[in-house]
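Everything on this sheet refers to the single structure shown next.
In what follows, chains carry the letters A, B, and so on, assigned in the order in which the sequence lines appear, proteins first and then strands, with residues in each chain numbered from 1. Quick note: numbers below take in every heavy atom, side chains included, and nothing from hydrogens, waters or symmetry partners.
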Amino acid sequence: METFLPGPLLRPAAWVQVLVDAPARERTYTYRLADGMTAAGGDVVCVPFGSQLVGGIVLGCLDQLPTGLDPGRLKTVESVVGTGLFAPGFWPLLVRVADYYLVPLARVIETALPPGILSRARRRVRLVADAAPMAQWGLSAAAKSAFDFLRSQAHADFSWRFCVQRLSGGASSLRELQARRLIESYYVFGETARPRTQQFVVLAGANADLCGRSAAVVQCLRRLGGEVSVAQLLAEARTTRALLQKLHAGGHVRIYERQILRLAAPTATADRPKPLTDAQKRVLDRLQGAAPSPVLLEGVTGSGKTEVYLQAIAPVLDRGESALVLVPEIGLTPQLTDRFAARFGARVRVYHSALSEGERFDCWRQMLTGEAQVVIGTRSAVFAPLPKLGLIVLDEEHDGSYKQDRPAPCYHARTVALWRGELAGCPVLLGSATPDLESFDCATAGRYLHLEMPERVAGRPLPAVEVVDMREELNRGNFSPFSATLQRAVAEMHGAGRQGILFINRRGYSTFVLCRNCGEALRCPHCAVSLTYHRLEAGDYLRCHYCNHGAPQPRACPHCTSPNLRYFGAGTQRIAAQLGEQFPTLRVLRFDRDTTARKDAHRQILEQFGRGEADVLVGTQMLTKGLDLPQVTLVGILAADGLLNLPDFRAGERAFQLLTQVAGRAGRGSEPGRVILQTYAPEHPVVEAASIHDFRRYAAAELTQRQALGYPPFVQLVALQLSAAEQESVVEAAEALARRLDGSADFEGRLLGPAPCTVERVAGRYRWQLLIKNPNGEAGRASLRALLAQFVPCAGVTVAVDVDPLRLL
DNA sequence: TCCTCTGAAACC
DNA sequence: GTTTCAGAGGAT
C-alpha cells in the first residue's frame with residue numbers, strides 16, 4: 001500500500017501517484033508535477049501514457065520517489081483538468097475502505113466513482129494561433145493536407161476523435177503537427193453531460209393524397225394524438241423507420257429531436273407526515289437529542305419504520321443538509337421510493353448500479369451541487385458524494401446484499417456507512433426487525449444507541465405462527481408439498497376473498513433431474529452442481545444457478561440413454577403449477593428472479609397483486625425484503641429446512657431473519673394475519689424462536705454459541721479464495737499460501753484450511769479457500785496485508801481477499 | 001544471417 | 001489504446 005502525505009504541505013509535493021484511464025488499471029503510475037503545479041487526491045489530471053495522453057485520477061501526493069523507480073523514466077503531468085469531484089471528507093473514506101479491505105485504493109475509486117467519469121475527460125485539439133510560419137516546411141504530405149483542412153474550417157477547436165477520423169494520416173499526422181507546434185492538444189472535463197434527446201413525429205400537411213401503408217401510418221399517428229415519439233409510432237403502427245423518413249421527406253410528417261429529462265425525479269402525489277404512535281414519537285425524540293452516534297432501531301415488522309425515517313429526515317433537510325437512504329435492492333421496494341418521492345418531491349434521487357452511465361454521471365453531479373438532497377440507493381450509493389450529510393439511514397440493515405462479494409473491494413455498505421457517519425459527524429440509523437447479530441451485539445454493549453418499537457402500528461398484532469410437522473404429514477400419506485393445514489388455510493383465505501403469500505426457497509421447477517436407470521443427476525458441465533429444471537413457453541430447459549449455463553432438457557439420460565428421467569425437489573414454478581391444479585379458481589403470480597428479470601417487472605407484479613388481480617404470490621427470498629401488502633392475511637412457508645441446514649455458521653441467523661421477515665408480510669392491514677410454517681424439524685431452536693417472534697431469545701443463544709466457538713462478532717474472519725482453471729495449480733497455490741501464513745512470525749491469527757469451497761468448481765474454475773481468524777484487529781490485517789503483498793501465486797491462479805466474509809462458500 | 005510475423009507485456 | 005519486445009519461423 002502506498003503511503004500518502006497527510007494534510008497540507010509546507011512545500012508543494014513534487015510527485016503524484018495517478019490512476020490512469022487505460023486498460024491496465026491494476027497498477028498506478030508516478031508523475032512529476034510541473035513547477036508551480038499543485039494537485040490533491042481526487043483531482044482529474046491529463047498525463048502522458050506511452051505514446052498517448054490519457055485522463056487519470058490523482059491518488060495522492062508523494063514527497064519522495066518510490067524505491068526502484070528510475071527518475072529518468074518519469075514524465076510530467078500535462079494539466080490538472082478537474083478538481084472537486086469528491087465531497088469534502090470523501091477521500092479519507094476511500095483510503096479507509098482500501099486499508100481495511102486489503103485492496104488497492106485504485107479499486108475502491110473505481111467502485112465509488114460513477115463509471116465513465118474519466119472517459120468524460122475528453123481530448124481536444126486546437127490550432128495554435130501564433131504558430132511559426134516556417135514550422136510548415138518539410139511536413140509530410142498527409143500532415144500538410146490535414147493541417148490545410150483544419151485551417152479551412154470555420155472554427156479552430158476540434159475533438160481529437162473527429163480529427164483522427166477525418167484527417168489524412170490520422171493520429172500520426174496529428175502527432176507531427178503537434179511536434180511542430182502547429183496544433184496543441186488538451187483535455188476538458190465533461191462539465192455538463194449532453195442533454196438526452198428523443199425523436200418525435202408530428203403531423204404536417206393535409207395528407208389527403210396518401211394511400212396504402214403510408215395512409216395507415218398517418219392514420220395511426222392521428223389516432224395517437226398527432227404527436228408521439230418515433231419509437232412509439234414504430235411500435236404502434238408496426239412500420240419502419242424508412243417509411244417514416246419517406247413521409248418526412250414528402251412533408252406529410254415532421255420528425256424532430258426533443259430534449260427529455262434523463263433523471264426525471266420520481267413523481268407521485270404529495271404525501272403528508274402521518275400521525276405517530278407513541279413508540280415512533282419516543283424514537284424520534286431520542287434521535288433529535290442524541291449525539292451523532294450509530295443508532296440501532298429494532299422495530300418489529302409493520303411497526304412503521306419508514307415513517308420514522310421520513311420524519312427523521314425532514315428536519316435534516318430543513319437545516320439545509322442532505323440525507324442518504326440505503327436499501328438492499330431498489331427494485332424490490334418501489335413503494336418505499338414512491339413514498340420518499342411523495343414526501344420530499346424533486347429533492348429525491350435514486351442511485352444504483354442499474355442506472356445507465358449517463359444517468360449515474362448526471363446524478364453524481366447533482367449530488368455535488370446540492371440539487372439532490374435525499375438519495376435513495378443500494379450498496380454502491382454509500383459512496384454518493386452528498387455534501388453536508390446530515391443523516392444516513394440503512395433500512396433492513398441485516399440484509400446480506402449490503403456486502404459485495406464478487407469483485408474486490410468486498411466492502412460492507414453498513415461498515416462503510418458507519419465510517420462515513422463518523423467522518424461526516426452525522427448519525428447513522430440502522431433499522432431492522434431482525435438486526436444482524438453484530439449490530440445487535442454493539443447495541444446491547446452500549447456502543448450504539450439502542451431504540452425499540454416492539455409493536456405494530458394501530459395496535460395490530462403480529463401474526464400467529466402455526467408450526468406444521470411435515471413428518472406427520474408423510475405418515476398420514478400426504479406426499480404433496482402442502483400440508484392439510486395449509487390446504488385448509490388457502491381454501492379459507494380464497495373463500496373470504498383475501499390474498500396470500502407462499503414462500504419457497506428455490507426458483508425453477510425442479511431442483512435436480514435424476515436418471516432412474518443409472519442414478520446419475522444432470523450436472524452443469526462448468527460447475528460442481530446439478531442443473532435446475534425450468535419450464536418455459538419455448539420448451540423445457542435446464543439451467544445452472546451458479547454460472548447461468550443453459551441447455552434444453554434432454555429426452556434421455558446423457559450417460560446411459562435411458563428415457564427414465566425423474567424430477568426431484570420443488571421450486572416456485574412447480575409450486576405455482578401444483579397450487580393451480582389443486583385450486584383451479586385460484587389466480588397465482590410468481591415473484592422470483594425469473595419473473596422479475598425485465599426492467600420494472602417488480603413493480604408491475606406487485607401492482608398487479610395490489611390491485612387484486614391475483615390471489616396468491618409464490619416467491620423466493622425476494623418476498624422477504626420489506627414488501628408492504630396490506631391485503632395479505634395468509635403466509636405459507638413451504639419448507640423451512642432448506643434454510644436451516646446450510647454449511648455456514650450463519651445459517652441459523654439467516655434462517656431466523658428469513659422466517660421472521662416472511663411471516664411479517666402477514667396481517668399488515670386491518671385483518672389479522674396467519675402464518676403456517678412447514679418443517680421436518682419443528683423442535684429446531686430457530687423454528688421455535690421464529691414462531692413466537694422472539695428475536696431476543698434467539699440472539700442471546702446464538703451469541704453465546706458464537707463466543708464459545710470463536711466466530712464473529714467475537715473474532716474477525718478473513719477469507720482468501722484462490723481459483724484457477726486447473727485443479728492442481730489451485731491446490732498447490734493454496735498450500736503454498738498456507739505454509740507462508742503458518743511460517744510467518746508476524747502472523748498471529750488462526751488458519752483454517754486450505755479446503756475446497758462448498759461448490760468446488762464454478763464456471764469452469766476450481767476454487768479453494770483459506771479462512772483466517774484474526775483476533776488482533778488492525779494489527780492482524782496489517783501483517784496479512786504485508787504477507788499478501790509478497791505472495792506471488794503460480795501462473796493462472798487468482799487470489800481474492802474477503803475481509804468479514806458473509807457467506808462461507 | 002537477416003527479416004517478418006505474432007502474441008505478450010509495458011506504458012511512470 | 002499503442003508501442004515495444006522477444007521468440008518463432010522463414011527466406012536469402
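One atom, CZ of A:R73, and another, P of B:dC12, lie 7 Å apart when rounded to the nearest Å. Between the CD atom of A:E78 and the P atom of B:dC11 there is a distance of 19 Å, rounded to whole Å. Rounded to whole Å, atom P of B:dC11 lies 11 Å from atom CG of A:D70. The nearest whole Å value for the distance from the CZ atom in A:R32 to the P atom in B:dC12 is 12 Å. Separating the CD1 atom of A:I57 from the C1' atom of B:dC12 is a distance of 17 Å, rounded to the nearest angstrom. At whole-Å resolution of the value, CG in A:L69 and C1' in B:dC12 are 6 Å apart. For the pair A:Y31 OH and B:dC11 P, the interatomic distance rounds to 10 Å; values are reported in whole Å. Rounded to whole Å, atom C1' of B:dC11 lies 4 Å from atom CZ of A:F49.
Between the side chains of A:R765 and A:S723, at least one donor N or O lies within less than 3.5 Å of an accepting N or O. Counted by atom type alone, A:Q64 and A:W15 present zero donor-acceptor pairs between their side chains at under 3.5 Å. For the residue pair A:Q17 and A:T28, a side-chain donor N or O sits within less than 3.5 Å of a side-chain acceptor on the partner.
Under 4.0 angstrom from either OP1 or OP2 of B:dC12 there lies no side-chain N or O belonging to A:R27.
Between A:R739 and A:D742 no salt bridge is recorded (no basic side-chain N to carboxylate O distance below 4.0 Å).
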Could I get a table of every N or O pair under 3.5 Å where one atom is in the protein and the other is in nucleotides 7-9 of chain B?
none

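Remark: A:R379 fails to qualify as a cation-pi partner of A:Y402 under the 6.0 Å distance and 45° angle criteria applied to the six-membered ring.
Using the six-membered ring where Trp is involved, A:W364 and A:Y351 have ring planes that are tilted, between 30° and 60° apart.
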